[in-house]
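Down below is the structure, laid out as structure tokens.
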Amino acid sequence: MSILPRFDPPANWTGEMSVVQLAAWSAFISNTVDAEINGLKGIDYGIANPQFFNATKVDQTGAVTDPIPWQGFPKKLERAHGGFTEAALKAAEPSDLPQASNRNYKRVVRFRPQDEYCEWRLVANGGGRPIKYIFTSEPPEYWETLAEGYPQTYTPAAGDPPSEKNHALVLKLYRELVGPEVNSEDLFPNGVYDGFNRFNTTDGIVHLTHPANTLGAEIDLAARSTATYSSGGTPITDETQLIGCNGAGDKDRASDPHISQRVNSYALDGYYVSVLNPMGLYITQLLTPESITRPGQGISRIPCGNECWKIVRGRVGAGLRAEFSIPGSLTKPDGSQLFLDDLQVDGIQLRYGGQIAKKIQMSLTGQAFGKGTVSNVLRECTGARKPKELLLANKVLVEGRTIPARI
Amino acid sequence: MNEPVLELDDIQGHVVVGFNSNHQCLVFLRFGSDISKTRALFQILSKRVTTARSAYLFRRARRVLLAQLQSEPPIDLVGVAVALTYPGLAQMAPDASRIRPCAFVAGAAARAGLLGDPSESSDAGFVGNWLYGNEERPVDALVVVASDDQRSIERELGLLFGELPVTGGVLERFGASVVAIEHGADLPGDLAGHEHFGFKDGISQPGLRGRVNEKPDSFFTRRDIAATSGEIAQIQGIPGQDLIWPGEFILGESYPEQDDRYAALSLPGQAPALPWMQNGSFLVYRRLRQNVDGFRKFVARVSTSLGDEPDLPKVSAALVGRWPSGAPILRAPILDDQALAGDRSQNNAFTYLAAYPSVTVNADSGAVMVAGAPSDSVGAVCPHFAHIRKVNPRDVSTEAGNARAHRILRRGIPYGPPFEEPDNVDRGLLFLCYQALIEDGFETIQANWANRTDQPQAGGHDVIIGQPGGGALQTISLHKADGTMVTATLADRLVRPTAAAYLFAPSRSALKAFAEGMRP
């Protein structure tokens, strides 16, 4: 028998949550997974035997795992700006963060327009020179649970463990990650944690803010992707056609269609599928040191591997927060300080965090068992699927354009 | 969407057709200080460069003759192509400084880290040790002259340069020096059409969408799949040959790009950074030294590790994804199949995630049925690490989107004598490929897929071309007969770059403009 005892927080980052909070976290994940399974049984999909499973309830002996990677830079911005261009890089890091109504939180919030589950921010010194890029893939649900006991977008069910707040720890962590200037009033207006506070948006970065960058979205995407479709009797495997049929996510992203197709390929082979515990969005590969050079010195590289990268939260291979900076020991030949824009990435001056994000590999790990044991009838795809709870309820306005949000 | 009319009189023939010659001479040039002299060379090049129309019509004539004679027709195209690196272009066209920072501007040497090329200073593949294309021996331009007849190449070189160029020589009248000359040649005898590891090369090329004139069905790439075969007839020319929108290879607002979401869709073309870049293409050149002895020893070691009876052909076919003849293992999983290899309707007809459908092909000899091929999503037949699966994942979703938006037009040719026994002879491939964006084409294929164990699908490196970076091992995971997995490691890369250049192949009209001199 192989049944998971509980769902763990991303990267098994267990040092911060109390025993009570860990139990709440597991209940949140478990109930979210169950809700997705029920959704697949419901009228939108009508699948009698959904192929998405809850690892705390089902024996998954012999399960195989499959890491599913994607790039950290928003594909959507590449599409909108003629590829990985300077315009796309600029759009990813606007001087003013966009504001939009977030349906989950029922209010207008600021967020970073970086929607591949990887967000970043530049830290400059007093003179405006770039000294550090900070990347995060931590879902808001974790921080909300830490602060308030449960994610704010989740309604605890009867029988769920009790909730336990820890504002003091959240404040302490913010001060460690952003700076001593963080104050309680900004983090907890009206006494409740606000994940869109200025120290996680305009003045700092702690966790993901884009409406689509949530753990709930990841689980929803994986679940919907287990629905199998056909066109004229032939299974649909093309990633764009598939995401048009299952409505699992945004076809313009790097992450969604790719994750969806990979999950779906297991469903087509008759597997039960889920996301491997601990469910999270992970920074699995960083820009490699071979890519970093100093201009004016031809091909000479600077020793900028582990010295420049620091996994601050999570671990190597499952990073949640990574910082890129130049250690003080590395200087210009005259001994003066090296700044980030003194470096080149693959021969191009480093001027945008997006140049690094493009090289960051994100991933989640799929889990599947029981090949060939389940055979659902392929559903005929009748065109773009727009489940009402997905698209109609969750449109956000970004800089005057309406984009579908996956929440 | 209507397919655009390709400006075949302006586009270089090497880009969209290729020369397919038995011999190719690559002349690498460095411009001197008096660029006005060099413009005279471009005057000649603009006249003698082979246009896409010439190459296209030659290909058609050759095909007609081949069908009639049933043997290789006695006609020859002396092809000429020219391309410039960014420093070379900046001298010919001062406004080239407005090209945004990109792989081409950074240059091949600056991208070696990204590409996983050797980083140990003692390695022949280390940038500093490259024969040319690095800081010590920079290149401004490449002239390619191709023919089935070496004498024709020499005659053409004489017409172009006024003399026979030699490595290290100076072309006084053009104010340029010859950095290097490479001689590529088809391998002799049974190895004709093969690369040095012994495999038939160049089978799977994308089919360029677009028309040769205003007639609605004057398609540049033949559409041989009968419409009755279904949707596949809309997205492939012959079975397995994806039809790709021209904006993936040629710059120009009128050339749609492949929508990276679905094979048949296109995005509007974009205006190139500078007007004269219209109808041009980016060229990646890598001089790849091949370690044939290392390849064979690795195959033997892997074969032994699998136990049972050593089966060298099968292991080597698994590494490539094709048998030496070119027959794909997905259609011939047990043994090589010469007939299959020679049938262009069948030798590329497969996909990985979905089963390939049965189709009817309108061949020169009449309609023929081509049977379908099974899918292989888990890589049970064609492993995830197989070279052809790595560099052309077909219908497999990738971290970079739809693989069909990351295709290249390959124009490589072997150099050096065939391998007979272990020796220290330099042999390999003069790898050349065209694309509209080097980052999306060659660099995605090499860095994201070939060099990684987990992309596009987990299972190992592409050991045929893999560049694992500094000192890292390459690995592949194979199934033994009893179903258990065995992992084989490769300590030294089988292929290493010994020179490289990122170039731009301008249109014929741009070459003329260079010759006449462009204002800053």
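No experiment lies behind these values; they were computed from the predicted model shown. These numbers come from the heavy atoms of this one structure, side chains and all, not from hydrogens, waters or symmetry mates.
S260(A) does not touch chain B: none of its heavy atoms, backbone or side chain, sits under 4.5 Å away. Contact annotation for V105(B): neither backbone nor side-chain heavy atoms come within less than 4.5 Å of a heavy atom of chain A. Looking at P357(B), there are no atoms closer than 4.5 Å to chain A (heavy atoms on both sides), in backbone or side chain. For P235(A), no part lies under 4.5 angstrom from a heavy atom of chain B. Only the backbone of A103(B) comes within contact range of chain A, with heavy atoms under 4.5 Å apart. Heavy-atom distances place no part of E257(B) under 4.5 Å from chain A, backbone and side chain included. Residue Q270(B) touches chain A through its side chain alone, counting heavy-atom pairs closer than 4.5 Å. Contacts between E78(A) and chain B at a heavy-atom distance below 4.5 Å are absent for every atom of the residue. For Y266(A), no part sits under 4.5 Å from any heavy atom of chain B, backbone or side chain. Only the side chain of Q285(A) has a heavy atom closer than 4.5 Å to any heavy atom of chain B.
Of the residues considered (Q71(A), Q349(A), R262(A), R351(A)), R262(A) shows the highest number of contacts with chain B, using heavy-atom pairs under 4.5 Å. Contacts with chain A were tallied for V378(B), L353(B), L437(B); L353(B) has the most, counting heavy-atom pairs under 4.5 Å. The candidate from D252(A), D269(A), I236(A) with the greatest count of non-hydrogen atom pairs under 4.5 Å with chain B is D252(A). Interface remark: of the candidates N402(B), T398(B), D395(B), T398(B) forms the most heavy-atom pairs closer than 4.5 Å to chain A. Most heavy-atom pairs under 4.5 Å with chain B: of the set I68(A), T237(A), T234(A), T240(A), this distinction falls to T240(A). Between chain B and the options K359(A), M362(A), Q241(A), heavy-atom pairs under 4.5 Å are most frequent for Q241(A).
Panel note: side chain K75(A), backbone A400(B); a donor-acceptor pair is recorded below 3.5 Å. E399(B) places no side-chain N or O within 3.5 Å of a backbone atom of P69(A) that could act as its donor or acceptor partner.
For the atom pair CG (D238(A)) and OG1 (T351(B)), the distance works out to 11.5 Å, reported to the nearest 0.5 Å. The CD atom of Q455(B) lies 11.5 Å from the CH2 atom of W70(A); values are rounded to the nearest 0.5 Å.
Closest approach of S291(A) and G113(B) over heavy atoms only: OG-C, 4.3 Å. Pairing each heavy atom of A106(B) with each of G347(A), the nearest pair is CB-O, 3.6 Å. Of all non-hydrogen atoms in P257(A) and S397(B), the two that sit nearest each other are O-OG, 4.4 Å.
Side-chain contact check for R79(A) versus D259(B): some heavy-atom pair is nearer than 4.5 Å.
Checking R452(B) against Q361(A) by side-chain atom types alone, a donor-acceptor pair falls below 3.5 Å.
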Yes or no on side-chain contact (heavy atoms from CB on, under 4.5 Å) for R111(B) and I348(A), after CA distance, side-chain angles and deciding distance? CA-CA 9 Å; R111(B) 308 295 274 189; I348(A) 297 171; 3.7 Å; yes
